[in-house]
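Read the structure below first, then the notes.
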Amino acid sequence: MELTFAIIKPDAVKSRDTGRILQRIEDEGFQIRAMRMRHISQSEAEGFYAVHHERPFFASLTAFMSSGPCVVLALEAPDAIRKWRTLMGATDPAKADAGTLRKEFGASIENNATHGSDAPDTAAFELGYFFPGIELAR
Ligand code: GDP
């Protein structure tokens, strides 16, 4: 079993797609191990996306991520990191495969509905950024 970190981003919460995305998560076989709704500040978004701070879209991305509440999740499944990235689809919804969450719920390369860790080290950092260890303990 593996844990990954996921976000239902502010665009999808605002468009009232949270429930549909949670249903897809469970239908695809993930166990929700932890979940919280949270409206993060821009500085909290900057800390979360620190690896992207040199990217030209950093200011816009962190403003978007702090524009409204999001839902943060710890998801468990065999091969959860790769499986969740596959379910999300490509970063740009226009390039995402049919049936993926970003294709169905994303509007643009920035407002793309969901986030998922891309590797074990980022999953560990991102899970720890939002969830104290006690919430993930068995
Ligand atoms: P991800 O791993 O698929 O989420 O993609 P990245 O790590 O490359 O980018 C992080 C997030 O930044 C994406 O999910 C988008 O919300 C946003 N993003 C990525 N590329 C662009 C871009 O070219 N322009 C803008 N405005 N936002 C972007």
Side-chain angles (χ1 to χ4, degrees):
M1 280 294 175
E2 185 175 65
L3 272 186
T4 193
F5 176 75
I7 305 179
I8 301 174
K9 292 186 178 183
D11 57 331
V13 172
K14 190 173 182 191
S15 60
R16 301 193 297 274
D17 289 314
T18 300
R20 276 176 279 275
I21 293 172
L22 290 173
Q23 188 69 60
R24 288 290 302 279
I25 286 170
E26 293 197 318
D27 288 348
E28 297 287 338
F30 292 94
Q31 191 72 35
I32 298 172
R33 286 279 309 280
M35 176 167 69
R36 185 182 306 122
M37 179 172 268
R38 183 167 179 134
H39 189 159
I40 62 172
S41 67
Q42 184 142 3
S43 62
E44 287 168 342
E46 287 167 0
F48 179 73
Y49 279 119
V51 292
H52 288 316
H53 77 279
E54 301 292 352
R55 308 275 286 269
F57 54 82
F58 183 69
S60 175
L61 171 62
T62 54
F64 161 57
M65 291 300 290
S66 56
S67 66
C70 60
V71 175
V72 296
L73 298 135
L75 302 180
E76 187 176 61
D79 203 18
I81 295 170
R82 198 167 58 86
K83 184 177 160 80
W84 175 242
R85 299 277 304 181
T86 302
L87 179 58
M88 286 199 303
T91 306
D92 184 352
K95 296 180 182 153
D97 290 341
T100 61
L101 296 173
R102 284 166 162 175
K103 181 64 143 193
E104 187 171 353
F105 300 109
S108 70
I109 193 165
E110 183 171 273
N111 292 16
N112 59 1
T114 54
H115 166 85
S117 308
D118 61 3
D121 58 335
T122 51
F125 167 76
E126 293 174 357
L127 286 164
Y129 197 78
F130 282 97
F131 296 112
I134 196 165
E135 291 188 29
L136 300 174
R138 282 248 176 236

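Every number for a ligand or one of its atoms is a count from 1 in the order of the listing. Each residue takes its place number in the sequence, starting with 1. Computed from a predicted structure; not experimentally measured.
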Any salt bridge linking E104 with R20? Criterion: basic side-chain nitrogen under 4.0 Å from a carboxylate oxygen.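 No, no charged N to carboxylate O under 4.0 Å.
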Contact atoms of ligand 1, heavy-atom distance to [X] under 4.0 Å:
X    : value
N112 : 13 (C), 14 (O), 15 (C), 16 (O)
K9   : 13 (C), 14 (O), 15 (C), 16 (O)
R55  : 8 (O)

Decide whether an N or O pair under 3.5 Å exists between E110 and ligand 1.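 N/O-N/O distance below 3.5 Å exists for this pair.
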Tell me yes or no: between the side chains of K9 and N111, is some donor less than 3.5 Å from an acceptor?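 No.
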Could you see if M65 belongs to whatever hydrophobic cluster contains L127? Use Ile, Leu, Val, Met, Phe, Trp, Tyr and a side-chain cutoff under 4.5 Å.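 Yes.
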If Ile, Leu, Val, Met, Phe, Trp and Tyr residues are connected whenever their side-chain heavy atoms lie under 4.5 Å apart, and connections chain through other members, are M37 and F5 in the same group?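 No, no single cluster joins them.
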Could you tell me whether K83 sits above the aromatic face of F30, with NZ or CZ closer than 6.0 angstrom to the six-membered ring centre and within 45 degrees of the axis?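 Yes.
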Are there over 12 heavy-atom neighbours, none belonging to E135, within less than 6.0 Å of that residue's CD?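 Atom CD in E135 is crowded, with more than 12 foreign heavy atoms closer than 6.0 Å.
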Output the distance between atom CE (M35) and atom CZ (F131), rounded to the nearest 0.5 Å.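 M35 atom CE to F131 atom CZ measures 9.0 Å (nearest 0.5 Å).
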Is the ring pair F48/H115 parallel, tilted or perpendicular, if the boundaries are 30 and 60 degrees?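 F48 and H115: perpendicular rings.
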Can you find a non-hydrogen atom of [X] under 4.0 Å from ligand 1?
X    : answer
I109 : yes
M88  : no
R85  : yes

Nearest neighbour in protein (non-hydrogen) for [atom]:
atom                    : answer
atom 4 (O) of ligand 1  : R102 NH2, 3.0 Å
atom 1 (P) of ligand 1  : T91 OG1, 3.6 Å
atom 25 (C) of ligand 1 : F57 CB, 3.4 Å
atom 7 (O) of ligand 1  : H52 NE2, 3.0 Å

